[in-house]
Asks: 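Please see the structure below; I have some questions.
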Amino acid sequence: MISLTDDRKMLGYGLLGAYPNISHFVTTRHGGYSEGAYASFNCSPFSGDELERVEKNQTLLFQSLSQAPRHLIIPFQTHGTKILPVDEKFLGASGQQQQEMLNEIDALITTEPGCCICISTADCIPVLLYDRVHHAVAAVHAGWRGTVEYIVGHTLEKMRAVFGTEGQDVIACIGPGISLQSFEVGDEVYEAFRLNGFDMSRISFRHSVTHKYHIDLWEANRQQLLDFGVPGVQIEIADICTYIRHEDFFSARRLGIKSGRILSGIMINS
């Protein structure tokens, strides 16, 4: 990943950085105002942090971007597969209506300039997508429950239905999350992936000492991108394990549920 700020408060992707008509970012734990398990750059309003600190952190985020968003859109995620287009209907709704529309949403798609669509993670996998032909973007929350239900594939299919997106036009970035080495799972999780058609020889192994299965969520999501026709050279994987690097990135397995979140966002510039 590349640094977007001198203090490495915000990181980005080399592949997306090549397109000046979009802005994107991935936040770290550093450089903000939050304290305790939220220390210090928590920008998510749904994690239990003090709202005043979250708003101050979001102001820092705006100041660090080359272009300030007209709208910062963060859904209330539930590990499902619901996808919301951020369009004229959404933007024309009242604030309360927008919050209702964002409830139980785990992926956002848009072509609206100035709308920074975001997802929050802390061990789950954030995926940012850019259709460079139709100038459409997506932000996807792919925890194991979303991954096993093919949320990245569903998001791409939604983009094709709404915008005309095709695989060869997509730039895809798979962000910091829990790694194969760290993601030990029970037999029921392994079986869920196997029964849903994943190639387990590619996305899992069984530890020789603990006899526990481990799942590779990065690879499971990469396979969904490849299956849609995204070329491998247009996929970037951060290769950062949040569980191992918990001092730099929020990890719910390390800090508990009531802790900060990494915010990953992408926007078509105005």
Asks: Examine F41 together with F250 and report whether their ring centres are nearer than 6.0 Å.
Replies: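 No, ring centres 6.0 Å or more apart.
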Asks: When rounded to the nearest 0.5 angstrom, what is the spacing between OH in Y13 and CD1 in I237?
Replies: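 Interatomic distance, Y13 OH to I237 CD1, rounded to 0.5 Å: 10.5 Å.
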Asks: Step by step, work out the side chain to side chain contact (heavy atoms under 4.5 Å, CB included) result for Y213 and E184.
Replies: CA-CA 6 Å; Y213 286 110; E184 179 184 287; over 6 Å; no
Asks: Do I151 and V189 sit in one hydrophobic cluster, given that two such residues count as connected whenever their side-chain heavy atoms are within less than 4.5 Å of each other, even indirectly?
Replies: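 Hydrophobic grouping puts I151 with V189.
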Asks: Determine whether a donor-acceptor pair (N or O, by modelled atom type, separation under 3.5 Å) exists between the side chain of S259 and the backbone of G256.
Replies: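 Side chain of S259 to backbone of G256, a donor-acceptor pair under 3.5 Å: yes, one is there.
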Asks: So which heavy atom on I117 is nearest to which on A138, and how close?
Replies: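 Taking I117 first and A138 second, the nearest heavy atoms are CD1-CA, 3.7 Å.
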Asks: Would you say S64's side chain and L60's backbone share a donor-acceptor pair under 3.5 angstrom?
Replies: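 It does hold such a pair.
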Asks: Is the number of heavy atoms from other residues, nucleotides or ligands within 6.0 Å of CD (E191) greater than 12?
Replies: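 Enclosed.
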Asks: Please evaluate residues L180 and E219 with respect to the criterion side chain to side chain contact (heavy atoms under 4.5 Å, CB included), reporting the C-alpha separation (whole Å), side-chain torsions for both, the decisive distance (0.1 Å), and the verdict.
Replies: CA-CA 9 Å; L180 171 66; E219 180 62 22; over 6 Å; no
Asks: Is any side-chain heavy atom of Q58 closer than 4.5 Å to one of I74?
Replies: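 Counting from C-beta outward, I74 and Q58 do come under 4.5 Å.
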Asks: Is any side-chain heavy atom of E166 closer than 4.5 Å to a side-chain heavy atom of H134?
Replies: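 A side-chain contact is absent here, since even the closest heavy-atom pair is not under 4.5 Å.
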Asks: Identify the heavy atoms of A37 and K258 that sit nearest to each other, and give their distance.
Replies: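 Heavy-atom minimum between the residues: CB-O, 3.6 Å.
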Asks: I244 and I240: same hydrophobic cluster, using ILVMFWY side-chain contacts below 4.5 Å?
Replies: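 Shared cluster, no.
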Asks: Could you tell me whether the side chain of Q168 and the main chain of P231 form a donor-acceptor pair under 3.5 Å?
Replies: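 It does not hold such a pair.
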Asks: Between P176 and A238, which heavy-atom pair has the shortest distance, and what is it?
Replies: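 Result for this residue pair: N-CB, 3.8 Å.
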Asks: Whether D7 and K9 form a salt bridge (side-chain N of Lys/Arg under 4.0 Å from carboxylate O of Asp/Glu) is what I want to check.
Replies: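 Between D7 and K9 there is a salt bridge, with a charged N closer than 4.0 Å to a carboxylate O.
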Asks: Please report the C-alpha distance between T28 and D248 in whole Å, then the side-chain angles of each, then the deciding distance to 0.1 Å, and finally whether the side-chain hydrogen bond (donor to acceptor under 3.5 Å, both in side chains) criterion is met.
Replies: CA-CA 6 Å; T28 69; D248 296 316; over 6 Å; no
Asks: Going hydrophobic residue to hydrophobic residue with side-chain gaps under 4.5 angstrom, can you get from I125 over to F193?
Replies: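 I125 clusters together with F193.
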Asks: When you look at Q96 and E100, which way does the side chain to side chain contact (heavy atoms under 4.5 Å, CB included) test go after all the steps?
Replies: CA-CA 6 Å; Q96 182 177 347; E100 291 172 356; 3.5 Å; yes
Asks: Tell me whether I203 shares a hydrophobic cluster with V185, the cluster being built from Ile, Leu, Val, Met, Phe, Trp, Tyr side chains joined at under 4.5 Å.
Replies: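 Same cluster: I203 reaches V185 through Ile, Leu, Val, Met, Phe, Trp or Tyr contacts under 4.5 Å.
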Asks: What are the two closest non-hydrogen atoms of A39 and R29, and how far apart are they?
Replies: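 Heavy atoms only, the tightest pair is O-NE, 2.9 Å.
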Asks: Check the pair L16, E236 against side chain to side chain contact (heavy atoms under 4.5 Å, CB included), reporting the backbone distance first and the verdict last.
Replies: CA-CA 9 Å; L16 289 175; E236 181 175 344; over 6 Å; no
Asks: Against H214, only a single residue in W144, F183, F205 fulfils ring-ring contact (aromatic ring centres under 6.0 Å, His included); can you say which?
Replies: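 Answer after filtering W144, F183, F205: F205.
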Asks: Looking at F62, I'd like to know if its CZ atom is crowded, meaning that more than 12 non-hydrogen atoms belonging to other residues, nucleotides or ligands lie closer than 6.0 Å.
Replies: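 Enclosed: over 12 neighbouring heavy atoms sit under 6.0 Å from CZ of F62.
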Asks: Mind listing the closest non-hydrogen atom pair of L129 and V127 along with its distance?
Replies: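 Minimum heavy-atom contact is CD2-CG1, 3.8 Å.
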Asks: Please identify which of these residues, T147, D106, T121, meets the side-chain hydrogen bond (donor to acceptor under 3.5 Å, both in side chains) condition with H141.
Replies: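 Running side-chain hydrogen bond (donor to acceptor under 3.5 Å, both in side chains) over T147, D106, T121 with H141 returns exactly one hit, D106.
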Asks: Any donor-acceptor pair under 3.5 Å linking the side chain of Q234 with the backbone of V170?
Replies: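 Yes, because the side chain of Q234 sits within donor-acceptor range (under 3.5 Å) of the backbone of V170.
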Asks: Report yes if some heavy atom in the side chain of P75 is under 4.5 Å from a heavy atom in the side chain of L84; otherwise report no.
Replies: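 No, their side chains stay 4.5 Å or more apart.
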Asks: How long is the span from the OG atom in S264 to the CD1 atom in I174, to the nearest 0.5 Å?
Replies: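 Spacing of OG (S264) from CD1 (I174) equals 12.0 Å.
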Asks: May I ask you to decide if R202's main-chain N or O and D216's side chain share a donor-acceptor pair within less than 3.5 Å?
Replies: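 Such a contact is absent between D216 side chain and R202 backbone.
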Asks: Please check if any side-chain donor atom of D123 sits under 3.5 Å from a side-chain acceptor atom of T242, or the reverse.
Replies: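 There is such a pair between these side chains.
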Asks: Which heavy atom of H135 sits nearest a heavy atom of I268, and at what distance?
Replies: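 Reported closest heavy-atom pair: O-CD1, 3.5 Å.
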Asks: If we only count heavy atoms from C-beta on, is the Q223 to L226 side-chain gap below 4.5 Å?
Replies: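 Side-chain contact under 4.5 Å: yes.
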Asks: Just by distance, do the side chain of Q224 and the backbone of G153 share a donor-acceptor pair under 3.5 Å?
Replies: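 Checking the backbone N and O of G153 against the side chain of Q224, a donor-acceptor pair under 3.5 Å is found.
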Asks: Determine whether M10 and L61 make a side-chain contact, defined as any pair of heavy atoms from C-beta on separated by less than 4.5 Å.
Replies: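 Yes, their side chains come closer than 4.5 Å.
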Asks: Please check this pair: side chain of N57 against backbone of S40, looking for a donor-acceptor N/O pair closer than 3.5 Å.
Replies: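 Pair found, side chain donor or acceptor close to backbone of S40.
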Asks: Tell me if a side-chain donor or acceptor on Q67 pairs with a main-chain N or O of S270 at a distance below 3.5 Å.
Replies: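 It does hold such a pair.
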Asks: Between atom OG1 of T78 and atom CZ of F46, what is the distance when rounded to the nearest 0.5 Å?
Replies: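 Going from OG1 on T78 over to CZ on F46, the span is 11.5 Å.
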Asks: Say whether L128 and L225 are linked into one hydrophobic cluster, either directly or through other cluster members, by side-chain heavy-atom distances under 4.5 angstrom.
Replies: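 Different clusters.
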Asks: Test your reading of the model: is there a side-chain donor-acceptor pair from R245 to the backbone of Y243, 3.5 Å cut-off?
Replies: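 Looks like no, no N/O pair under 3.5 Å.
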Asks: Do S44 and N42 pair up side chain to side chain, a donor and an acceptor below 3.5 Å, judged on atom types alone?
Replies: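 No, no side-chain donor-acceptor contact under 3.5 Å.
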Asks: Does one side chain, of D49 or Y33, offer a donor that lies under 3.5 Å from an acceptor on the other?
Replies: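 Checked: D49/Y33 side chains show no N/O donor-acceptor pair below 3.5 Å.
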Asks: Can a donor-acceptor pair be found, under 3.5 Å and without considering hydrogens, that links the side chain of Y150 to the backbone of N196?
Replies: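 Such a contact is found between Y150 side chain and N196 backbone.
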Asks: Would a 4.5 Å heavy-atom cut-off, applied to side chains only, mark V26 and M1 as touching?
Replies: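 Yes. Closest side-chain heavy atoms under 4.5 Å.
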Asks: Between the side chains of Y38 and R53, is a donor N or O closer than 3.5 angstrom to an acceptor N or O?
Replies: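 Checked: Y38/R53 side chains show no N/O donor-acceptor pair below 3.5 Å.
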Asks: Roughly how far apart are H246 NE2 and R253 CZ, rounded to 0.5 Å?
Replies: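 Going from the NE2 atom of H246 to the CZ atom of R253 covers 14.0 Å.
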Asks: State, yes or no, whether a side-chain contact exists between F90 and L102 at a heavy-atom distance under 4.5 Å.
Replies: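 With C-beta onward as the side chain, the pair touches.
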Asks: How far does OG of S23 sit from CG of L65, to the nearest 0.5 angstrom?
Replies: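 One finds 6.0 Å between OG of S23 and CG of L65.
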Asks: Kindly compute the distance separating CD1 (I83) from CD (E157), expressed to the nearest 0.5 Å.
Replies: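 Between I83 CD1 and E157 CD, I get 9.5 Å after rounding to 0.5 Å.
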